[in-house]
There are 2 protein chains.
Amino acid sequence: MAAASIGRREQNKLEKRGRIVAAARALFTYKGFEETTSQEIADAAGVAVGTIFTYARTKDDLLILVFHDEMLAVVERAYASARKSDGIQVQVVAFFDTMVAYHEQDLPLAHALMRQLGFVSSADQRALIGELMTSVLGKLAQLVDGAKADGQVGAAVPLMTAARSLFAIYYFHLGSMLSGYIDRTQFDRALRSGIGLLLTGLE
Amino acid sequence: MAAASIGRREQNKLEKRGRIVAAARALFTYKGFEETTSQEIADAAGVAVGTIFTYARTKDDLLILVFHDEMLAVVERAYASARKSDGIQVQVVAFFDTMVAYHEQDLPLAHALMRQLGFVSSADQRALIGELMTSVLGKLAQLVDGAKADGQVGAAVPLMTAARSLFAIYYFHLGSMLSGYIDRTQFDRALRSGIGLLLTGLE
DNA sequence: GCGGAAAAATGGCTGCGCTCAATTTGGGAC
DNA sequence: GTCCCAAATTGAGCGCAGCCATTTTTCCGC
């Protein structure tokens, strides 16, 4: 019971944190990020407003918390989906398609998330987002590494540079779509041609 | 006098707009974007708070206005600087180095700008930022096109895809630096290796 | 000039995110 | 069981961006 009772306080905190994040998730989805007030989240989670800000320093942090766990899962799914295909290009496209499909479920929320990714301010945010980036880049690096084995990718290619460049291209075009510069069709085209060009090179 | 008197109203608006943007510019630089209040900008510009919001719908828009003209000029300088060199890789690096040097004058403000680039919400913003993007991508495309002439770049390479991919890599690493994931030295290395890889290709 | 209509400017007001002094809760020492 | 302290919770209050009913300025037909 000692271990359990020590855990009691932590247990409550964890459960409360879960309620807050779940409430935020639901409200963000239902009425949008900007349109949801801290008071509403607090009410839905059954806590006072002030309590929210002991679990997340800002409303923005809450958005990151909402995405964090889900995104890690999506990255795993994206990787699994990519592994089903053959050929590095098809694999990478499949990987990003899975991620886009996830974002397409709620484009406004994805748009709000993208704003935060471009403005990491606190150490908390840096840690959470850094974890996501490590996960995505790691999986992409694995795909590239796999392609090295069967000679699709040159042995001298630095894995992380390749992973970062692939992601950079995806990220840029995703932003263009979420900001309303291009539609989904144009996005697909742009992503494919960008990845294709990175594979063959300019020279 | 007819033409001038018709212009009088426009003249005043333009001059007032100039004062507001200049005041915002100075205050953002002096005490930071978040730390500057609309009231302070209004006082410095000699107008009422409400007036600001007839020239810019939000404080965010004001930030974009502040950068817009300067950025167009920086892109021109970056292009001029790139043309001095030979070899597409060196040119592209010189181009981005000029842009980074500009942002380095005020990293916090560059960071704030980056947040807006990732969250274009109004048609006004889309127009202003779209103009910047067109300018940057156009110049990059020109550099790539020039390199095509002397065979450094394959004739079949689509110019805009190349320009977008180059920019995407720059943008991604710039964001990493501004968000505090990497320092300037790592940025330089990452940018160069990313561009190098795009030139040679993964395959 | 003058009248009036349209455009621009104004600033008190509202609703928001977030703070912080005061209060409640939980858990160990005895 | 009781006491005590630290950790957790609370919500009224604060400062901010942005709104909008009112006032001021500008322009044109006469």
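What you are looking at is a predicted structure, and each value in this text was computed from that prediction instead of being measured.
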Please write out the pairs of protein N or O atoms and N or O atoms of nucleotides 9-13 of chain C separated by less than 3.5 Å, giving the distance to one decimal.
unit_1  : atom_1 : unit_2 : atom_2 : d
dA9(C)  : OP1    : K16(B) : NZ     : 3.3
dA9(C)  : OP1    : Y55(B) : OH     : 3.1
dA9(C)  : OP2    : Y55(B) : OH     : 2.9
dT10(C) : OP2    : A48(B) : N      : 2.9
dT10(C) : OP2    : T51(B) : OG1    : 2.4
dG11(C) : N7     : G50(B) : N      : 3.2

Between [N] ([atom2]) and [X] ([atom1]): distance, integer Å:
| X | N | atom1 | atom2 | value |
| --- | --- | --- | --- | --- |
| D43(A) | dT9(D) | CG | P | 16 Å |
| L63(A) | dC18(C) | CG | P | 12 Å |
| R17(B) | dA7(C) | CZ | P | 19 Å |
| K31(A) | dC16(C) | NZ | C1' | 12 Å |
| I41(A) | dC18(C) | CD1 | P | 10 Å |
| F53(A) | dC16(C) | CZ | P | 12 Å |
| L14(A) | dT9(D) | CG | C1' | 17 Å |
| Q39(A) | dT14(C) | CD | C1' | 16 Å |

Which pairs, with at least one residue in residues 105-125 of chain B and sequence neighbours excluded, count as a ring pair (Phe, Tyr, Trp, His ring centres under 6.0 Å)?
->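 Only H111(A)-F119(B), F119(A)-H111(B) qualify under ring pair (Phe, Tyr, Trp, His ring centres under 6.0 Å).
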Charged N to carboxylate O under 4.0 angstrom, D60(A) versus R115(B)?
-> yes
What side-chain hydrogen bond (donor to acceptor under 3.5 Å, both in side chains) pairs are there with at least one residue in residues 47-56 of chain B, not counting sequence neighbours?
->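 Residue pairs with at least one partner in residues 47-56 of chain B: there are none.
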What pairs of donor and acceptor atoms, side-chain ones from residues 166-181 of chain A against any protein atom, are under 3.5 angstrom apart with sequence neighbours left out?
unit_1  : atom_1 : unit_2  : atom_2 : d
S176(A) : OG     : F172(A) : O      : 3.2
S179(A) : OG     : G175(A) : O      : 3.1
Y181(A) : OH     : R126(B) : O      : 3.3

Partners passing salt bridge (Lys or Arg N to Asp or Glu O under 4.0 Å) against K59(B) (at least two apart in sequence or in another chain) =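 K59(B) satisfies salt bridge (Lys or Arg N to Asp or Glu O under 4.0 Å) with no other residue.
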Sequence neighbours excluded, which residues qualify as side chain to side chain donor-acceptor pair (under 3.5 Å) partners of Q39(B)?
-> D43(B)
Contact under 4.0 Å: T37(A) side-chain N or O vs dC16(C) OP1/OP2 |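 Looking at the OP1 and OP2 atoms of dC16(C), neither is under 4.0 Å from any side-chain N or O of T37(A).
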